[in-house]
**Student:** 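Mind having a look at this structure? Questions to follow.
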Amino acid sequence: MLQEDKIQRLGSLCLNIFHLFALFVIGGTIVWSAVYEYLQMMGKGYAQLKDILLLFIYLELGAMVGVYFKTNRLPVQFLIFIAVTALSRHLVIDVQYVSEHFHLYLLLSISFSILLLCGALWLLFYTDSKYGSSDDVHR
């Protein structure tokens, strides 16, 4: 039994090291990408709305990694925030091509998707405030 415990602890340690390493790599990649995009904007001398929304996506990704790093839990709300921001960015970029019927349906479907995701966010926040988070039991 003692040998199995040592192997179990070693496996757990290796998994934790990999987990921390992967979080640092992901976090570093997010920072690197955000700095690159910011420098591109500075080089142009101005920022468009799509550039600012992209920075918000990087900010939300960084916040998600930070929360995951501190708590070892990934709140679904962060993923939905990122999806809403990404869809909003896509909507802003594609709104100029609305002349074709395909693009009209694309814009309508993106708008409906944003509305649906916002409804899911409201439901998550409502149930969390009314019934508490399932993570509250484990604390």
Side-chain angles (χ1 to χ4, degrees):
M1 280 307 224
L2 187 62
Q3 189 70 16
E4 286 180 22
D5 287 340
K6 286 182 181 179
I7 293 172
Q8 192 76 15
R9 280 188 270 143
L10 178 64
S12 182
L13 177 67
C14 289
L15 185 64
N16 286 337
I17 289 171
F18 173 75
H19 185 241
L20 290 174
F21 177 73
L23 282 174
F24 276 113
V25 168
I26 292 169
T29 304
I30 292 168
V31 170
W32 174 40
S33 299
V35 168
Y36 175 79
E37 289 297 328
Y38 183 74
L39 291 175
Q40 293 291 324
M41 283 184 272
M42 294 298 287
K44 287 191 303 188
Y46 63 94
Q48 295 176 318
L49 184 58
K50 66 179 184 174
D51 300 327
I52 296 168
L53 289 173
L54 183 61
L55 289 179
F56 270 108
I57 291 172
Y58 287 131
L59 177 67
E60 291 165 358
L61 284 169
M64 185 177 69
V65 169
V67 167
Y68 191 60
F69 183 76
K70 289 181 180 179
T71 64
N72 285 334
R73 288 177 285 160
L74 183 64
V76 176
Q77 290 93 335
F78 279 99
L79 296 172
I80 296 175
F81 286 141
I82 292 167
V84 167
T85 306
L87 286 171
S88 299
R89 183 177 183 272
H90 189 56
L91 190 63
V92 167
I93 293 169
D94 283 345
V95 78
Q96 57 192 333
Y97 304 113
V98 78
S99 61
E100 299 175 24
H101 288 290
F102 172 74
H103 290 292
L104 178 63
Y105 292 125
L106 177 66
L107 293 177
L108 287 173
S109 64
I110 291 171
S111 300
F112 180 73
S113 299
I114 292 171
L115 185 64
L116 188 67
L117 287 170
C118 288
L121 272 174
W122 177 83
L123 186 64
L124 285 171
F125 284 122
Y126 174 76
T127 55
D128 186 38
S129 68
K130 186 164 177 91
Y131 302 108
S133 176
S134 61
D135 296 330
D136 293 340
V137 176
H138 297 84
R139 288 185 201 177

**Student:** Just wondering, do I110 and S113 contact through their side chains at under 4.5 Å, heavy atoms?
**Tutor:** no
**Student:** With clusters defined by side-chain heavy atoms of hydrophobic residues (ILVMFWY) lying less than 4.5 Å apart, directly or transitively, does L117 cluster with F56?
**Tutor:** no
**Student:** Among residues two or more places apart or on two chains, list those pairs meeting salt bridge (Lys or Arg N to Asp or Glu O under 4.0 Å) that have a residue in residues 107-127.
**Tutor:** none
**Student:** How long is the span from the CZ atom in F81 to the OG1 atom in T85, to the nearest 0.5 Å?
**Tutor:** 8.5 Å
**Student:** Are V84 and L106 co-members of a hydrophobic cluster defined by side-chain heavy atoms under 4.5 Å apart?
**Tutor:** yes
**Student:** Aromatic rings Y126 and W122: how do their planes relate, parallel, tilted or perpendicular, breaks at 30° and 60°?
**Tutor:** parallel
**Student:** How would you list, by chain and number, every residue that makes a side-chain contact (heavy atoms from CB on, under 4.5 Å) with L79, sequence neighbours excluded?
**Tutor:** M64, L74
**Student:** Search all heavy atoms of K50 against all heavy atoms of R89 and return the closest pair with its distance.
**Tutor:** O-NE, 2.9 Å
**Student:** Quick one: closest heavy-atom pair of I80 and A120, and the distance?
**Tutor:** CD1-CB, 4.3 Å
**Student:** Any side-chain heavy atom of Q48 within less than 4.5 Å of one from V92?
**Tutor:** no
**Student:** Under 3.5 Å, sequence neighbours excluded: what are the donor-acceptor pairs made by side chains of residues 35-46?
**Tutor:**
residue	atom	partner	partner atom	Å
Y36	OH	Q40	NE2	3.2
K44	NZ	D51	OD2	2.9

**Student:** What about L20 and L61, same hydrophobic cluster or not, with Ile/Leu/Val/Met/Phe/Trp/Tyr joined at side-chain heavy-atom distances under 4.5 Å?
**Tutor:** yes
**Student:** Among the clusters formed by ILVMFWY side chains lying less than 4.5 Å apart, do Y68 and Y58 turn up in the same one?
**Tutor:** yes
**Student:** Is there a side-chain contact between T29 and V25 in this structure, where contact means two heavy atoms from C-beta onward sitting under 4.5 Å apart?
**Tutor:** yes
**Student:** Report yes if some heavy atom in the side chain of I30 is under 4.5 Å from a heavy atom in the side chain of I26; otherwise report no.
**Tutor:** yes
**Student:** Starting at NZ of K6, measure out to CG of L10 and round the result to the nearest 0.5 Å.
**Tutor:** 11.0 Å
**Student:** Contact between Q77 and F125 at the side-chain level, heavy atoms closer than 4.5 Å - yes or no?
**Tutor:** yes
**Student:** For A86 versus I57, what's the shortest heavy-atom pair and its separation?
**Tutor:** CA-CD1, 3.7 Å
**Student:** Find the distance between SG (C118) and CG (L123) and round it off to the nearest 0.5 Å.
**Tutor:** 13.0 Å
**Student:** With rounding to the nearest 0.5 angstrom, report the CG to CG distance, L53 to L87.
**Tutor:** 11.5 Å
**Student:** Given 3.5 Å as the limit, does a donor-acceptor pair link the side chain of S12 with the main chain of Q8, or not?
**Tutor:** no
**Student:** Determine, using ring centers only, whether F69 and F24 are less than 6.0 Å apart.
**Tutor:** yes
**Student:** How close do A34 and L55 get, counting heavy atoms only, and between which atoms?
**Tutor:** O-CD2, 4.0 Å
**Student:** Check for me, please, whether L54 and F78 land in the same ILVMFWY cluster - side-chain distances under 4.5 Å, paths through other members count.
**Tutor:** yes
